Amino acid sequence: MTTVLAYDLGASSGRLIAEKFDGNTISIKEIHRFNNKPQLVQGHYYWDYPALIKELKAGLQKVDFPASSLGIDTWGVDIGLLNKEYALLSLPFSYRDTHSEPQLQKLKQLIDPFELFKRTGNEISSINTLFQLMAIYEKFPTYRELCKSILMMPNLLLYGLSNVALNEYSISSTSQLVNHESKQWDEGLMQLIFQQQLPLASIEMPHQIIGDVLDFPSIQMALVPGHDTACALSALPINRQNALFMSLGTWCLVGKEIDKPIVSRDAFEAGFTNEGTSEGAIRFQKNAMGFWILQKLREEWVASGMNVTYDIERQGFLEAAAFKTIIDPEDPLFFNPKSMTLAIETYCAKTAQVSPRTIGEYVRCFTESVAISYAKVIKKIEQLASQSTTEIYIGGGGAQNKTLCQLIANATGKVVFAGPIEASSIGNGLSQLRALGELNSIEEGRVLVSRSFHPDEFIPQDQARWQEILEQYKTFI
């Protein structure tokens, strides 16, 4: 029996999962869970790094059984800047901060955006590490000299527990600073934009032991795929070349595994991105809206004293009229509004629709809208990859939302397999088992997952009605 520990941090919560491998199946148990949200400090959104490290250690203190190793994965793009003593120059900025948005126009004076896309494979987005660094160096020019090492978020947390400073490939590939051909930091790009080399810690591939956890020396530190989507993808029991994947949480990453990036003009204009897999290949994907809209609505409902449960939401959904209000989840109005209710009302006024009024109407509006949005993304993936698909594998917390999973099957006309829910944590653990010599490949890991977990299957329904709806709303979604 081998037990590994997986820390999986999302943009709203973090969890420590223990994973036991008996040679035939793997079982999981949650050890620790905590909330995680950006903190607004003097007009900027930051991650509370000391609180995160405190939570990581608090979870490890609950481990009262032998564990071989620990791995950490998080969301993408965010970073920590360290001085020569390896202390943070500031709390890490959150990608939800808008200070990097003006840098998009400034970059166009230095390099054509399409050329940047062809070079890095990444969608041109102001949340990317490249634009965050442009904004940080502009606001804090002294950081240029003071900064001696830059770590991506999971590797910053890894350093906090092990004193090992390096960056992992899959998380680095979200930065817009990695050359997709060399899979290393693009030094020429740094020189062009920053007129200097950036002190980004070196990039390493995952599935290796790199040290020990300092306060818990019996536990080895493993380098796993640092990006939660890369972890989730490696844990989905995919056994077909033409399958699609979705990692469904606060964000929804919709995509396909491919060998080489797609950097065509069409892919660029459609907002697709190419990021690294656990195996050094490519996740060709769209970063779409996940449950962020619904999460923000829930916060407002609770703050106003409303009783909100999943059962109430589901019953309200069933009672609300279908397709009464449809929004474009990707509209900038919904990125980080002070009031999500007001943002939806504003969108409805703009599109001459009746705004939702009840909890059920809001839930149905959100659920139907994202399903329609995902169907559009998937159709474009098939076009750009020149390959039709028949199945969608969904991992992450959203896999337990059976209503949404059925609507995704309906909207796309494809069979949906939902689960495992803790796909990112499981993928994290599979990487550790490979580092420990218990598994030899991603294929072995996926077979192990298929033996250990049983995904729900959703068959497309109401195809004629959904085709009418997709045609009706294609002009503004």
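Everything numeric in this text was worked out from a predicted model, so none of it was measured.
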Asker: Could you tell me whether the side chain of S100 and the main chain of S126 form a donor-acceptor pair under 3.5 Å?
Answerer: yes
Asker: Would L189 and I193 satisfy side chain to side chain contact (heavy atoms under 4.5 Å, CB included), going step by step from the backbone distance to the final call?
Answerer: CA-CA 6 Å; L189 184 61; I193 295 173; 3.6 Å; yes
Asker: Going through the checks in order, is the side chain to side chain contact (heavy atoms under 4.5 Å, CB included) test met by Y7 and T74?
Answerer: CA-CA 8 Å; Y7 253 124; T74 75; over 6 Å; no
Asker: With a 6.0 Å cut-off (strictly less than), is the heavy-atom count around NZ of K62, excluding the residue itself, greater than 12?
Answerer: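 Enclosed: over 12 neighbouring heavy atoms sit under 6.0 Å from NZ of K62.
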Asker: At what distance, to the nearest 0.5 angstrom, does CD of E204 lie from CG of N155?
Answerer: 10.0 Å
Asker: Are side-chain heavy atoms of D78 and Q132 found at a separation under 4.5 Å?
Answerer: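 Result yes, sub-4.5 Å side-chain heavy-atom pair found.
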Asker: Has the side chain of S369 got a donor or acceptor atom that lies under 3.5 Å from a matching backbone atom of I327?
Answerer: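 Yes, S369 side chain to I327 backbone: donor-acceptor pair under 3.5 Å.
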Asker: Taking all non-hydrogen atoms of both residues into account, name the closest pair between V4 and S69 and its distance.
Answerer: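 Shortest heavy-atom contact: CG1-OG, 3.4 Å.
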Asker: Keeping W47 on the side-chain end and M153 on the backbone end, is there a donor-acceptor pair under 3.5 Å?
Answerer: no
Asker: How far apart are the closest heavy atoms of C365 and P356, and which atoms are they?
Answerer: CB-CG, 4.0 Å
Asker: Check the orientation of Y46 and H44. Use parallel for under 30°, tilted for 30 to 60°, and perpendicular for over 60°.
Answerer: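 Plane angle over 60°, so perpendicular.
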Asker: At what distance, to the nearest 0.5 angstrom, does CZ of R15 lie from CD of E30?
Answerer: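 It is 7.5 Å, given to the nearest 0.5 Å.
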Asker: R283 and H227: side chain to side chain contact (heavy atoms under 4.5 Å, CB included), yes or no, with the steps?
Answerer: CA-CA 11 Å; R283 289 175 283 122; H227 196 210; 3.2 Å; yes
Asker: Which pair of non-hydrogen atoms, one from A18 and one from F65, has the smallest distance, and what is that distance?
Answerer: CB-CZ, 3.7 Å
Asker: Is the shortest heavy-atom distance from the side chain of N36 to the side chain of S12 under 4.5 Å?
Answerer: no
Asker: Whether the side chain of N128 engages the backbone of F131 through a donor-acceptor N/O pair (distance < 3.5 Å, no angle test) should be reported.
Answerer: no
Asker: Heavy atoms only: give me the nearest Y49-P92 pair and the separation to one decimal.
Answerer: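 Result for this residue pair: CB-CD, 3.9 Å.
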Asker: Taking it one step at a time, do E444 and R451 satisfy salt bridge (charged side-chain N to carboxylate O under 4.0 Å, His left out)?
Answerer: CA-CA 11 Å; E444 282 191 19; R451 284 200 302 264; over 6 Å; no
Asker: Just checking K183: does its NZ atom have more than 12 heavy atoms from other residues, nucleotides or ligands closer to it than 6.0 angstrom?
Answerer: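 Correct, the count exceeds 12.
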Asker: Excluding sequence neighbours, so at least two apart, what forms side-chain hydrogen bond (donor to acceptor under 3.5 Å, both in side chains) with S27?
Answerer: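 Expected list: none.
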Asker: K148 side chain to E145 main-chain N or O, any donor-acceptor pair under 3.5 Å?
Answerer: yes
Asker: Any side-chain heavy atom of I426 sitting closer than 4.5 Å to one from I28?
Answerer: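 Yes, at least one pair of side-chain atoms sits under 4.5 Å.
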Asker: Mind running side chain to side chain contact (heavy atoms under 4.5 Å, CB included) on I31 and I17 for me, showing each step along the way?
Answerer: CA-CA 6 Å; I31 304 299; I17 303 292; over 6 Å; no
Asker: Quick check against the 3.5 Å criterion: does S170 have a side-chain atom that pairs as donor or acceptor with the backbone of G226?
Answerer: yes
Asker: With a 4.5 Å limit on heavy-atom distance, are the side chains of T2 and L436 in contact?
Answerer: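 The answer is yes; the side chains approach within 4.5 Å.
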Asker: Ignoring hydrogens and geometry beyond distance, is a side-chain donor-acceptor pair present between S173 and E275 at under 3.5 Å?
Answerer: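 No, E275 and S173 have no side-chain donor paired with an acceptor closer than 3.5 Å.
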Asker: With no hydrogens and no angle check, just 3.5 Å: does a side-chain donor-acceptor pair link D228 and W75?
Answerer: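 Side-chain D/A pair, D228 to W75: absent.
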Asker: Quick check for you: to the nearest 0.5 Å, what is the distance between L333 atom CG and I344 atom CD1?
Answerer: 10.0 Å
Asker: Compare all side-chain heavy atoms of C147 with those of Y137 and state whether any distance is below 4.5 angstrom.
Answerer: yes
Asker: Where is the tightest heavy-atom contact between Y374 and A288, given as atom of each residue plus distance?
Answerer: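 Taking every non-hydrogen atom into account, CE2-CB, 4.0 Å.
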Asker: For E187, does the CD atom sit with more than 12 other heavy atoms under 6.0 Å from it, leaving out its own atoms?
Answerer: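 Atom CD in E187 is not crowded, with 12 or fewer foreign heavy atoms closer than 6.0 Å.
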Asker: To check you understand the geometry: which heavy-atom pair defines the closest contact between V224 and G71, and what is its length?
Answerer: CG1-CA, 4.0 Å
Asker: Salt bridge check, E279 against R446: does any charged N sit closer than 4.0 Å to a carboxylate O?
Answerer: no
Asker: Output yes when a side-chain donor or acceptor of S172 lies under 3.5 Å from a complementary backbone atom of N167, and no otherwise.
Answerer: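 No; zero donor-acceptor contacts below 3.5 Å.
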Asker: Are the side chain of N274 and the backbone N or O of G121 linked by a donor-acceptor pair below 3.5 Å?
Answerer: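 Yes, because the side chain of N274 sits within donor-acceptor range (under 3.5 Å) of the backbone of G121.
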Asker: Would you call L70 and Q220 a side-chain contact if the rule is heavy atoms closer than 4.5 Å?
Answerer: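 The answer is no, as the side chains (C-beta and beyond) never meet within the 4.5 Å cut-off.
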Asker: Between R434 and H207 (side chain of the first, backbone of the second, donor and acceptor by atom type, cut-off under 3.5 Å), is there such a pair?
Answerer: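 No; judged by distance alone, with no hydrogens or angles, the pair does not exist.
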Asker: Ignoring hydrogens and geometry, is there a side-chain-to-backbone donor-acceptor pair from D212 to L214 under 3.5 Å?
Answerer: no
Asker: Would you give the length of the straight line joining atom CG of L248 to atom CG of N401, rounded to the nearest 0.5 angstrom?
Answerer: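 So the gap between those two atoms works out to 7.5 Å.
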Asker: Using side-chain heavy atoms (C-beta onward) and a distance below 4.5 Å, is L151 in contact with L200?
Answerer: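 They are not in side-chain contact.
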Asker: Before accepting this row, confirm whether a basic side-chain N of the pair K286/E123 lies closer than 4.0 Å to the acidic partner's carboxylate O.
Answerer: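 Between E123 and K286 there is no salt bridge, as every charged N stays at least 4.0 Å from the carboxylate O atoms.
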Asker: side-chain hydrogen bond (donor to acceptor under 3.5 Å, both in side chains) with Q196: which residues, sequence neighbours excluded?
Answerer: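 side-chain hydrogen bond (donor to acceptor under 3.5 Å, both in side chains) check on Q196 returns R144.
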Asker: State, yes or no, whether a side-chain contact exists between H180 and R119 at a heavy-atom distance under 4.5 Å.
Answerer: no
Asker: Tell me whether the guanidinium CZ or amine NZ of R96 lies under 6.0 angstrom from the six-membered ring centre of Y45 and within 45° of its axis.
Answerer: no
Asker: With distance as the sole criterion, is a donor-acceptor pair present between the side chains of Q176 and N122 under 3.5 Å?
Answerer: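 No, no side-chain donor-acceptor contact under 3.5 Å.
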Asker: Hey, is CZ on R314 packed in by over 12 heavy atoms from elsewhere, all under 6.0 Å?
Answerer: no
Asker: So, F458 versus F417, ring centres under 6.0 angstrom or not?
Answerer: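 Judged by ring-centre distance (under 6.0 Å), F458 and F417 do not meet the cut-off.
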Asker: With no hydrogens and no angle check, do the side chains of Q432 and N428 hold a donor and an acceptor under 3.5 Å apart?
Answerer: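 Checked: Q432/N428 side chains pair up, N/O donor to acceptor below 3.5 Å.
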